[in-house]
Amino acid sequence: MSSSPQSPPSTNTSSEEAQVLLRREKAQALRERGLAPFGNGLAVPDTTGDVRRAHGSQSPEELAAETRTYAIAGRVIELRRMGKLAFLRLYDRDGDLQVMVRKDAVGPAFDLIVESLLDRGDIVRAAGRPIRTKTGELSLEATELSVLTKALRPLPEKWHGLADVELRYRRRYVDLFTTPGVRDVFLKRARMIRAIRGFLDGRGYVEVETPTLHEQAGGAAARPFSTHHNALDLDLNLRIATELHLKRLVVGGLERVYEIGRIFRNEGIDRRHNPEFTSIELYQAHATYLDLMELTEALFKALALYVTDQTTVTYQGTAIDFLPPYPRVSMVGAVGQHYAEALGFAPPARDDASGWLDLLAAHRDEIHRDLLTQAGAKKEMGLTEAEAMNPRSLGELIAVAFELYGEPQLDPTRPTFVVDFPLEVSPLARKRDADERLVDRFELYVAGMELANAFSELNDPDDQRARFRAQVEAAKKGDEEAMPYDEDFIRALEHGMPPTAGEGIGIDRLCMVFTDAASIRDVILFPLLRPEEKTSGG
RNA sequence: GGGCCGCUAGCUCAAUGGUAGAGCAAUGGCCUUUUAAGCCAUUGGUUGUGGGUUCGAGCCCCACGCGGCUCACCA
């Protein structure tokens with residue numbers, strides 16, 4: 001174009017600001033020649049994958065005989081220009097494909113290349129015949145080429161991409177098409193969730209959606225987020241679990257229900273925790289927690305096969321075998337055995353959960369003292385000096401002791417069911433018939449993470465009322481995670497809930513295991529981050 | 001919240017307390033078979049922010065911000 005011979009005062013072409021300005025000018029140049037830089041309505045009937053699948057195995061000679069043409073579109077992730085020839089790599093939902101643009105073949109559209117109106121990052125449509133280049137790569141030889149969307153911002157460096165994890169999370173839209181493997185993680189996540197739905201739907205489950213806005217956030221031990229509804233002038237909490245609504249639905253006759261949904265817990269953030277996360281909770285009438293163990297084993301094996309084609313999944317360098325049956329570890333037994341060895345107690349005559357529980361009950365004070373000497377455990381129990389005089393329940397001591405001594409002992413190469421939970425840490429679970437100090441509950445641990453929590457549900461309304469009261473008492477004593485008393489839930493139980501077992505599974509952690517993600521933020525598209533500091537003033 | 005580490009050009013990274021650099025990207029030029037294309041040239045910086053020490057600070061000290069790991073809490 002007839003630019004002035006004098007270069008403009010600012011010759012800066014490298015700063016982001018300058019690059020954006022230049023790309024805006026290019027967008028304007030496109031407009032001036034009747035090409036819409038943000039157009040719409042051009043048909044894109046094919047994908048890069050269509051071309052690959054149809055012609056990927058054809059020889060150059062066979063391809064030369066092909067008459068069929070394709071029209072594909074995607075982001076330009078590579079751009080190599082050399083005079084009257086250019087190669088682009090287009091990236092679409094189906095993968096990527098090289099497009100060869102020859103001046104002779106594409107005609108006037110080659111101006112886009114010559115005048116550099118086309119940049120890396122633009123969304124481009126190309127139509128033409130499949131060919132094989134001199135180096136043998138399947139490509140589309142463009143006879144049509146147009147810019148569908150002009151990208152105004154430059155792409156990150158092409159070889160390293162975005163390496164700064166903070167930038168990757170904040171600009172996931174760039175990360176997704178820039179960082180290898182990122183898109184696959186989220187495609188895999190979507191496939192896993194679909195597989196879970198298929199698995200449960202095939203077993204007669206109904207998927208439902210229950211409220212996320214709760215007057216009282218119950219169903220789990222956690223602190224909620226609070227919010228407010230203006231029209232009703234109503235203080236509300238974001239849900240911390242779907243449990244109590246789903247059990248109401250079982251009362252209502254939906255004997256097999258599940259919900260996949262977002263849960264919000266006002267807790268810290270680390271590699272395994274994001275304040276909002278996705279859970280699936282499922283409830284099955286006329287089942288026990290033992291039935292859910294089998295269901296869990298079948299589900300996890302199916303997922304492993306579905307996602308990786310194998311029953312063994314490597315997570316962070318450790319091969320985990322998902323072939324059932326999974327080992328079971330008694331929480332009470334593991335803690336009992338630890339103390340029998342560490343403090344020299346004689347093992348119980350009965351080598352079962354009740355026997356070990358008897359032993360632990362007999363040595364409760366010594367165990368309490370031991371936990372108090374563990375600085376971490378002391379903090380974990382939230383004990384102040386005064387509270388140390390008023391020890392918590394045996395069940396809570398056992399749960400803490402298991403975290404301390406039991407969890408590290410679990411076999412890292414196997415998913416493991418932890419069973420024999422104390423009643424006091426399970427306010428919604430049914431008492432065990434054989435020993436009412438225990439509940440019929442399991443947690444599934446994989447790679448040191450708690451992936452699932454399940455139990456035979458408490459359906460005795462009077463017992464549930466007593467459990468809620470105990471929670472209220474705990475809250476009075478300062479337990480900020482104690483459950484509120486839910487009168488309507490009691491009423492529902494009074495209408496009669498069939499014998500039921502229920503389970504919750506952390507979808508994000510499940511995805512971590514099956515995508516080998518070290519951090520939960522790698523399987524959440526937009527993990528919660530602090531807002532970026534405003535650069536202007538403070 | 002505690003501890004450790006990081007923050008330098010659009011991106012990826014260098015730089016004994018002594019003139020802030022490279023590669024990629026960008027801009028101009030050459031090039032009809034490239035694969036992170038190549039060659040020549042050019043441009044690009046309030047070194048996260050604010051203080052302090054010093055003749056002199058990207059570097060040392062303090063505070064703060066954001067992030068990562070870790071401990072704690074939870075799923």
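Every chain is numbered from 1 and lettered A, B, ... according to where its sequence line falls, protein lines coming before strand lines.
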Roughly how many Å apart are [M] and [N], using the [atom1] atom of each and rounding to a whole number?
| N | M | atom1 | result |
| --- | --- | --- | --- |
| B:U27 | B:U43 | P | 16 Å |
| B:G56 | B:A20 | C1' | 15 Å |
| B:G6 | B:U46 | P | 23 Å |
| B:A72 | B:A36 | C1' | 44 Å |
| B:C40 | B:G45 | P | 24 Å |
| B:G67 | B:U8 | P | 15 Å |
| B:U32 | B:C24 | C1' | 25 Å |
| B:A9 | B:U49 | P | 10 Å |

Taking any heavy-atom pair under 4.0 Å as a contact, classify [X]: base, sugar-phosphate, or nothing.
| X | result |
| --- | --- |
| A:Ala221 | sugar-phosphate |
| A:Asp270 | base |
| A:Glu137 | base |
| A:Arg223 | nothing |
| A:Arg89 | base |
| A:Arg509 | base |
| A:Tyr169 | sugar-phosphate |
| A:Leu451 | nothing |
| A:Glu450 | sugar-phosphate |
| A:Met100 | base |
| A:Asp96 | nothing |
| A:Glu481 | sugar-phosphate |

message = Is there, by distance only and without an angle test, a donor paired with an acceptor across the side chain of A:Ser15 and the base of B:A26 below 3.5 Å?
response = no
Does a nitrogen or oxygen in the side chain of [X] sit under 4.0 Å from OP1 or OP2 of [N]?
| X | N | result |
| --- | --- | --- |
| A:Arg521 | B:C69 | yes |
| A:Arg120 | B:A25 | no |
| A:Arg102 | B:U32 | no |
| A:Lys103 | B:C31 | no |
| A:Arg80 | B:A37 | yes |

message = Does this structure show an ion pair linking A:Glu66 with A:Arg129, if we count only N-O contacts that are shorter than 4.0 Å?
response =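 Looking at A:Glu66 and A:Arg129, the cut-off is not met.
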inquiry  = Using a strict threshold of under 4.0 Å (side-chain N to carboxylate O), is an ion pair present between A:Asp119 and A:Lys150?
reply    =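 Here A:Lys150 pairs with A:Asp119 in a salt bridge, since their nearest N and O are under 4.0 Å apart.
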How about [X] and [Y]: does a side-chain donor come under 3.5 Å of a side-chain acceptor?
| X | Y | result |
| --- | --- | --- |
| A:Ser519 | A:Arg521 | yes |
| A:Glu259 | A:Thr242 | no |
| A:Thr48 | A:Asp92 | yes |

query = A:Phe87 on top of B:A37's base, within under 5.5 Å and under 30°?
reply = no
Does [N] pair with anything, Watson-Crick or G-U wobble, both distances under 3.5 Å, and if so, with which nucleotide?
| N | result |
| --- | --- |
| B:G38 | B:C30 |
| B:C13 | B:G21 |
| B:G1 | B:C71 |

Give me the distances for all protein-to-nucleotides 11-14 of chain B N/O pairs that come in under 3.5 Å?
unit_1, atom_1, unit_2, atom_2, d
B:C11, O2', A:Glu157, N, 3.1
B:C11, O2', A:Gly161, O, 3.1
B:U12, OP1, A:Ala163, N, 3.1
B:U12, OP1, A:Asp164, N, 3.1

inquiry  = Taking the nucleotide of RNA chain B with the nearest heavy atom to each, does A:Ala518 or A:Ala220 sit closer to the 5' end?
reply    = A:Ala518
In whole Å, what is the span from the [atom1] atom of [X] to the [atom2] atom of [N]?
| X | N | atom1 | atom2 | result |
| --- | --- | --- | --- | --- |
| A:Arg168 | B:G67 | CZ | C1' | 13 Å |
| A:Leu117 | B:U27 | CG | P | 10 Å |
| A:Glu166 | B:G6 | CD | P | 16 Å |

key: Check: A:Arg132 side chain, A:Ser59 main-chain N or O, donor-acceptor pair, under 3.5 Å   =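 No, because the side chain of A:Arg132 does not come within donor-acceptor range (under 3.5 Å) of the backbone of A:Ser59.
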remark   = Out of B:C69, B:A75, B:C66, minimum distance to the side chain of A:Arg530 belongs to B:C66
ask   = Nearest to the side chain of A:Arg271 - B:G67, B:U33, B:C69?
value = B:C69
key: Criterion ring pair (Phe, Tyr, Trp, His ring centres under 6.0 Å) on A:Phe514 and A:Phe322, from CA distance to verdict   = CA-CA 11 Å; A:Phe514 284 107; A:Phe322 282 90; 5.2 Å; yes
task = Give me the ring orientation class for A:His55 and A:Tyr70: parallel if the planes are under 30° apart, tilted from 30 to 60°, perpendicular past 60°.
result = perpendicular
query = A:Phe177 vs A:Tyr91 aromatic rings, parallel, tilted or perpendicular, using cut-offs 30° and 60°?
reply = tilted
request  = Please test A:Asp522 against A:Tyr169 for side-chain hydrogen bond (donor to acceptor under 3.5 Å, both in side chains), starting from the C-alpha separation and ending with a verdict.
outcome  = CA-CA 8 Å; A:Asp522 291 326; A:Tyr169 297 149; 2.9 Å; yes
